[in-house]
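Here's the structure we're looking at; comments come further down.
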Amino acid sequence: MPKYNPSKIEKKWQKKWQEQDLYKAVDFDKRPKKYIMVEFPYPSGDGLHMGHLRSYCSLDALARKKRMEGFNVLFPMGWDAFGLPTENYAIKTGIHPAKVTKDNIATFKKQMKSIGLSFDWSREIDSTDPKYYKWSQWIFIQFFKKGLAYQSKMPINWCPSCKIGLANEEVIGGKCERCGAETSRKTLKQWMLKITAYADRLIDDLEKVDYVEKIKRQQINWIGRSYGTEIDFKVVGSEDVINVFTTRADTSFGITAMVIAPEHSLLEKLITKENKSKVKAYVAASKKKSEFERTQLDKEKTGVFSGSYCINPVNNEKVPIWISDYVVATYGGGAVMIVPAHDKRDYQFAEKYDLEIREVISGGNVSKQSYIDYGTLVNSGQFSGLDSKTAIEKITVWLIKNKVGKKTVNYKLRDWVFSRQHYWGEPIPIIHCQKCGVRSVPEKDLPVKLPYVKKYEPTGTGESPLADIKEWVNVKCPECNGPAKRETDTMPNWAGSSWYFLRYIDSKNDKKFAAPEKLEYWLPVDLYNGGMEHTTLHLLYSRFWHKFLYDLGHVPTIEPYQRRYSHGVVLAEDGRKMSKSFGNVIKPKNVVDQYGADTLRVYEMFVGPFDQMISWSTEGVHGCFRFLNKVLALFNDESKITGKNDKGLITKLHQVVKKVDEDLDSMKFNTAIAAMMEFVNIWSENNRVLSKKDAQIFLSILSPFAPHLAEELWSSLDNKQSIFKQPWPEYDKKLIKQEIWQLIIQINGKVRDKVEVKQGISEKQVKELALAQEKVQKWLNNKKPKKIIYIPNRLVNLVV
RNA sequence: GCCGUGGUGGUGGAAUUGGUAUACACGCACGACUUAAAAUCGUGUCCCUUUAUGGGAUGUGGGUUCGAGUCCCACCCGCGGCACCA
């Protein structure tokens, strides 16, 4: 009897599949198309992670099933290879980032192939390839031409000791990750993308896609659209006006202070002489804090009085103007009206600085805590007695009439800072000419290649390392031919990943990012799977780029992804993140060497619900290995596959086919495998046999999960063609109906008895049967049930 | 803190979406095979009382319902995101 030797059969079939070109997606094929995509990985030096594989194995199973169902499946893979870790590694080791990237990609690809993933490698892409980033740059130029890419002064994290800009991730507790020095903020001119211009559509078009509700929620909350009122507060003794945005105009009569952000444009004018030094010190201190720190609710609020006042238009009261860093400069005009009685943060602020807490909405006890719910207005002049909702409307109308306010919409979403002062990214294709100004690089000159140099260390001035490469920076202006300089900032890692799903469709095209007919055929992506951690930023960014391209007529669909699904993280056995520093990383290669790729695949899918976080368990892997061994043993046992008609087992088989079919489509990989295990356990029982034909049906449903073993057993049954060229089996709807089912008899909701009954039994019969049971009689104790509830095919509940 | 999400045996989890809680798998215990171990096979395995019957249990507390892991309210804990990690 041949023993299960995964390494031998897996290599054999991987080779054969490659020779047969089994997974090639065919442009314009007559079969219906199915575009299934998993997020392309960042090829880090650590190699493929178990978390990557969880997504790849599961979606691979689905892709395989869809091919068997007759779809023309596009299931591609590529590399999101620009980024900070590679650059930092290169600086540390002196190995060029291009070389690091190339090596890492080779490792990743080899590992993927060893798992038997059915990617169409002919469409492979690499975001660091000039042939690829040419089009990232081209899209940027389109943004620039439409005025959606613009320059603005923005703060970055700055380490005064290392003299480099830092990513948020590199700032830990306000200190530089590398040297421990206290970081500050440095303002630089940065390229921005105007994503806010698409805010409404990014919310509204979610109605057109089938993302799970929680993902939609996160997108909507991130954009944070709120309808409200803008109110003008005149500064006392000046012509200046402070605009404030509020969603709670009904609380206007409770305003007892005004607070502006330290970055507010009127700040300088508002400070009175006696408060100058205090304010200056406060502003300097707040510059050191990150926005995250500043807005944390649990932290104690700080602030200083400016010395100035403004006028509350609804009651003409004089209101003191304060400065506090919990106010965000970029949201709602950078000023907040303080209504201590009806806002949590305002309440804290008022208690600390002894401001008046004036109740204007009844319903709570504002001497103890803020009352933030809607209610009835009090102490609000002519508006007293109204409910909050009506009052918001009426007060807003009053403000508009008196020309001191208007209705507005506000978004939490901010424009996208698109500049990075790093070497390992796509150069921004812009030329700065002293005479002509800012000009985009002519499209015929694309790509602007990243110069291959030995030195890519930071410059010390905050500028990109590219700024030091004089021969690259100095160019002629494309318009006047005079002396000009290249933009030295590069794009963020997000750039390449914002449109890569389009490039897979036509990855070799050098005239366009993709041919329109091919885009027409393949778009949208039918299913896009990736990590939970990408459901706000990456997803939003790529939707934004796609919509922009749609507006220019370059893509045929409004949305890029029809369905988005997110998988949970894979933690280590100890419940912590798999990390080198914890020493708890499980390498895919070791598992493949010991158990084979099929076992690893089955385990990755069996371990738990796909969308939830799971912990790795080496012992669990062993269980999956045992399952595959049992399958092999059954097929090696001639007495198990005969022509006999085992009706009970065939019914079970068709039930499993149905279960696997439905579970795969709804991404419930774990229960699909559990059902197959259950079936194999029953089949293994004495005297349980299948016909060859039925045994092959089982192989078909197993094949997406354990492709190598299924293909091996399939060929051992004298089949010449690959199992993946076979149609997906259909189940017999008549066969799976149970003739007998178990009636649960409950008394007051507790199970007291179980009886087997025939399909089609009437309600009356069920009730009579239930009452006739000995146990039921005992529990009823001669009493008559008050009520009888019958759930067909399930249970009957007698209420006493 | 804000937004999202989760909490079920010793462990990973299942539960027809309001209808038998603990499928499947791991681990453990006992048995078979073996000189022995591993592997494999078989039996058992939520807790309490028990010959049986019975009672209790899905993070905690309350509620709705004939019936709640599932719905509602409050609280506790874990995880992801928070805009320059990808």
Next item on the list: Could you tell me whether the side chain of Pro97(A) reaches within less than 4.5 Å of the side chain of Glu87(A), counting heavy atoms only?
Entry: no
Next item on the list: Would you indicate what Asn681(A) reaches in the nucleic acid, counting non-hydrogen atoms under 4.0 angstrom: base, sugar-phosphate, or nothing?
Entry: sugar-phosphate
Notebook entry, point to check: How is Phe606(A) classified with respect to the nucleic acid when contacts are heavy atoms under 4.0 Å: base, sugar-phosphate, or nothing?
Noted result: base
Check: If you check the Asn168(A) side chain, which of C85(B), G54(B), G27(B) turns out closest?
Finding: C85(B)
Checklist line | 5'-most by nearest nucleotide on RNA chain B - Gln612(A) or Ala675(A) | finding: Gln612(A)
Next item on the list: Identify whether any heavy atom of Lys754(A) sits under 4.0 Å from a base atom; if not, whether one sits that close to sugar-phosphate; answer base, sugar-phosphate or nothing.
Entry: base
Next item on the list: Could you check if a side-chain atom of Trp158(A) sits within less than 4.5 angstrom of a side-chain atom of Thr183(A), using non-hydrogen atoms only?
Entry: no
Next item on the list: Please work out if Glu170(A) contacts a base, only the sugar-phosphate, or nothing of the nucleic acid, heavy-atom cut-off 4.0 Å.
Entry: nothing
Notebook entry, point to check: Heavy atoms under 4.0 Å, any strand shown: does Asn793(A) hit a base, just sugar-phosphate, or nothing?
Noted result: nothing
Next item on the list: Mind calculating the distance between NZ (Lys786(A)) and P (G67(B)) to the nearest angstrom?
Entry: 10 Å
Next item on the list: For nucleotides A57(B) and A21(B), find the distance between their C1' atoms and express it as a whole number of Å.
Entry: 10 Å
Margin query: For a quick check of understanding: with a heavy-atom distance under 4.0 Å over all strands, which category does Lys577(A) fall into, base, sugar-phosphate or nothing?
Written below: sugar-phosphate
Acceptor/donor pairs from residues 598-605 of chain A side chains to any protein atom, 3.5 angstrom cut, sequence neighbours excluded:
residue, atom, partner, partner atom, Å
Asp598(A), OD1, His708(A), N, 3.4
Asp598(A), OD1, His708(A), ND1, 2.8
Asp598(A), OD2, His708(A), N, 3.3
Asp598(A), OD2, Leu709(A), N, 2.7
Thr599(A), OG1, Tyr595(A), O, 3.2
Arg601(A), NE, Phe705(A), O, 3.0
Arg601(A), NH1, Asp60(A), OD2, 3.0
Arg601(A), NH1, Ile115(A), O, 3.2
Arg601(A), NH1, Gly116(A), O, 3.2
Arg601(A), NH2, Asp60(A), OD2, 2.5
Arg601(A), NH2, Pro704(A), O, 3.0
Tyr603(A), OH, Ser617(A), N, 2.9
Tyr603(A), OH, Ser617(A), O, 3.4
Glu604(A), OE1, Arg54(A), N, 3.4

Check: How far, in whole Å, is U8(B) from C24(B) if one measures between their C1' atoms?
Finding: 15 Å
Notebook entry, point to check: Taking only side-chain nitrogens and oxygens of Arg626(A), does any of them come within less than 4.0 Å of OP1 or OP2 of U40(B)?
Noted result: yes
Next item on the list: Quick one: classify the glycosidic conformation of G9(B) as syn or anti, with syn meaning within 90° of 0.
Entry: syn
Item checked: Distance test, side-chain N/O of Lys214(A) to OP1/OP2 of U5(B), below 4.0 Å -> no
Check: According to the Watson-Crick and G-U wobble definitions, with both distances under 3.5 Å, which nucleotide is paired to G69(B)?
Finding: none
Checklist line | 5'-most by nearest nucleotide on RNA chain B - His622(A) or Gln746(A) | finding: Gln746(A)
Item checked: Complementary nucleotide for C75(B) - Watson-Crick or wobble, under 3.5 Å -> G59(B)
Next item on the list: Check every strand shown and say whether Gln218(A) touches a base, only sugar-phosphate, or nothing at a heavy-atom separation below 4.0 Å.
Entry: base
Margin query: Students often get this wrong, so: under 4.0 angstrom with heavy atoms, is Leu537(A) touching a base, only sugar-phosphate, or nothing?
Written below: base
Margin query: Taking only the C1' atom of each, what is the distance from G55(B) to G61(B) in whole angstrom?
Written below: 22 Å
Note to self: Can you check the distance between A15(B) and C71(B), where both ends of the measurement are the P atom (answer in whole Å)?
What the structure shows: 14 Å
Notebook entry, point to check: Counting only Watson-Crick or G-U wobble pairs whose two distances fall under 3.5 Å, which nucleotide matches G80(B)?
Noted result: C3(B)
Note to self: Applying a 4.0 Å non-hydrogen cut-off, can you work out what Lys412(A) is touching in the nucleic acid: base, sugar-phosphate, or nothing?
What the structure shows: base
Notebook entry, point to check: How is Pro609(A) classified with respect to the nucleic acid when contacts are heavy atoms under 4.0 Å: base, sugar-phosphate, or nothing?
Noted result: sugar-phosphate
Next item on the list: Quick one: label Thr671(A) by what it contacts on the DNA or RNA (base, sugar-phosphate, nothing), any heavy atom closer than 4.0 Å.
Entry: sugar-phosphate
Item checked: Per Leu795(A) side chain, nearest of listed nucleotides G19(B), G80(B), A21(B) -> G19(B)
Item checked: C1'-based separation of G18(B) from U70(B) [nearest Å] -> 7 Å
Check: Just checking His534(A): base, sugar-phosphate only, or nothing, at a heavy-atom cut-off of under 4.0 Å?
Finding: base
Note to self: What's Ser615(A) touching, base or sugar-phosphate or nothing? Going by heavy atoms closer than 4.0 Å.
What the structure shows: nothing
Checklist line | Opposite nucleotide pairing with A14(B), Watson-Crick or G-U, both atom distances under 3.5 Å | finding: none
Next item on the list: Test Phe669(A) against every option in Phe606(A), Tyr565(A), Phe610(A) by the ring pair (Phe, Tyr, Trp, His ring centres under 6.0 Å) rule and name the one that passes.
Entry: Phe610(A)
Check: For Gln190(A), which contact category applies under a 4.0 Å heavy-atom criterion: base, sugar-phosphate, or nothing?
Finding: base
Notebook entry, point to check: Between Asn748(A) (CG) and U20(B) (P), how many Å, whole number?
Noted result: 17 Å
Next item on the list: Give a yes or no answer on whether the side chain of Glu39(A) reaches the backbone of Gly531(A) with a donor-acceptor pair at less than 3.5 Å.
Entry: yes
